[in-house]
Student: 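Here it is, the structure, as structure tokens.
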Amino acid sequence: MSRIKKRGLDYFPLDIDFLQNRLVRRIMKREGDDALATLVSAFSCIYGGEGYTDAFFYEDISANLYHQTAEDVKRILTLAAEYGIFDVTLFRECGVLTSAGIQRQYLFSTKRRKSSAIDNRFNLITDEQEDDDAGKQEEAAGLFPETSGSETEVSAALPEVSTTLPE
């Protein structure tokens, strides 16, 4: 009897300074503290799937939140895309929520599986980036784009034990 193919991740890394990230703070300032639950729920859906998700999951997220409607979720995630947490071009053109950092983390976490790929239509990682990232396990992709200067960088490097996911 064959095994059921694993879809998505069982967990995803979230840095302890997630709440101090200026992008997250900016969204929470504008949309309220409930925006945090929306962001974490969106990351859960993305990592629980294939490293990206379409914009039609607003109802799914809002159904699991007490104070957010589908319109609230859409507004918050659109703002997150505009701020750069998600790839804004892919979001505007295809309604897909993902980022290069999310995809790198997803591929890193699923690299021991027989099939671990991002749909080519939504893939934001070039082959050169994949090769560069292969040797940098400690610098595996973050949830957010890299920031510069005085901005807080939020990366999501996995601890060594987290790389042993079932196939």
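Nothing here was measured: the structure is a model prediction, and the numbers come from that model.
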Student: Rounded to the nearest 0.5 Å, what separation is found between the CD atom of E71 and the OH atom of Y58?
Tutor: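 With rounding to 0.5 Å, CD (E71) is 9.0 Å from OH (Y58).
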Student: Measuring from C45:SG to N64:CG, what's the distance to the nearest 0.5 Å?
Tutor: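 Rounded to the nearest 0.5 Å, the SG-CG separation comes out at 7.5 Å.
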Student: To the nearest 0.5 Å, what is the distance between CD1 (I85) and OG1 (T98)?
Tutor: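 Reported value, rounded in 0.5 Å steps: 13.0 Å.
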Student: Let me confirm one number: the NZ-CD1 distance from K74 to I76, rounded to the nearest 0.5 Å.
Tutor: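 Output value for this atom pair is 13.5 Å.
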Student: Under the side-chain contact (heavy atoms from CB on, under 4.5 Å) test, which residues partner A63, sequence neighbours left out?
Tutor: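 Counting only residues at least two positions away or on another chain, A63 forms no side-chain contact (heavy atoms from CB on, under 4.5 Å).
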Student: In sequence, state the C-alpha distance, the side-chain angles, and the governing distance for T38 and L65, and then conclude on side chain to side chain contact (heavy atoms under 4.5 Å, CB included).
Tutor: CA-CA 8 Å; T38 302; L65 300 172; 3.6 Å; yes
Student: Walk me through it: do R25 and L19 pass the test side chain to side chain contact (heavy atoms under 4.5 Å, CB included)?
Tutor: CA-CA 7 Å; R25 286 194 327 260; L19 291 173; over 6 Å; no
Student: Side chain to side chain donor-acceptor pair (under 3.5 Å) with T78: which residues, sequence neighbours excluded?
Tutor: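 Once residues adjacent in sequence are excluded, T78 has no partner under the side chain to side chain donor-acceptor pair (under 3.5 Å) criterion.
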Student: Checking D17 side chain against Q20 main chain: does a donor-acceptor pair fall under 3.5 Å?
Tutor: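 Side chain of D17 to backbone of Q20, a donor-acceptor pair under 3.5 Å: no, none is there.
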Student: Out of curiosity, does V88 fall in the hydrophobic cluster containing F57 (side-chain heavy atoms, cut-off under 4.5 Å, transitive links)?
Tutor: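 In one cluster with F57: V88, no.
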Student: Could you list the donor-acceptor pairs under 3.5 angstrom formed by side chains in residues 26-34, with sequence neighbours left out?
Tutor:
from	atom 1	to	atom 2	distance (Å)
E31	OE1	R75	NE	2.9
E31	OE1	R75	NH2	3.0
E31	OE2	R75	NE	3.3

Student: Show the nearest heavy-atom pair for residues A100 and I125, with the distance to one decimal.
Tutor: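 Where A100 meets I125 most closely, the heavy atoms are O-CD1, 3.9 Å.
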Student: If you look at every heavy atom in I102 and G51, which pair is closest and at what distance?
Tutor: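 Result for this residue pair: CG2-O, 3.5 Å.
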Student: Between atom CG of D87 and atom CD of Q103, what is the distance when rounded to the nearest 0.5 Å?
Tutor: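 One gets 8.5 Å once the value is rounded to the nearest 0.5 Å.
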Student: Quick one, F18 and V40 - any side-chain contact, counting heavy atoms below 4.5 Å?
Tutor: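 Side chain of F18 against side chain of V40, heavy atoms only: contact under 4.5 Å found.
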Student: Given F86, which of Y52, F91, F122, F43 fulfils the ring-ring contact (aromatic ring centres under 6.0 Å, His included) condition?
Tutor: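 Exactly one candidate clears the test, F43.
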Student: Evaluate the side-chain proximity of C94 to R121: yes if any heavy-atom separation is below 4.5 Å, no if none is.
Tutor: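 In short, these two side chains do not touch, never coming nearer than 4.5 Å.
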Student: I need the L14 CG to S44 OG distance, nearest 0.5 Å.
Tutor: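 Between atom CG of L14 and atom OG of S44 there are 9.0 Å.
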Student: How about Q68 and S62: does a side-chain donor come under 3.5 Å of a side-chain acceptor?
Tutor: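 No, S62 and Q68 have no side-chain donor paired with an acceptor closer than 3.5 Å.
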Student: Give a yes or no on this: more than 12 heavy atoms of other residues, nucleotides or ligands lie within 6.0 Å of atom CD of E59.
Tutor: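 No.
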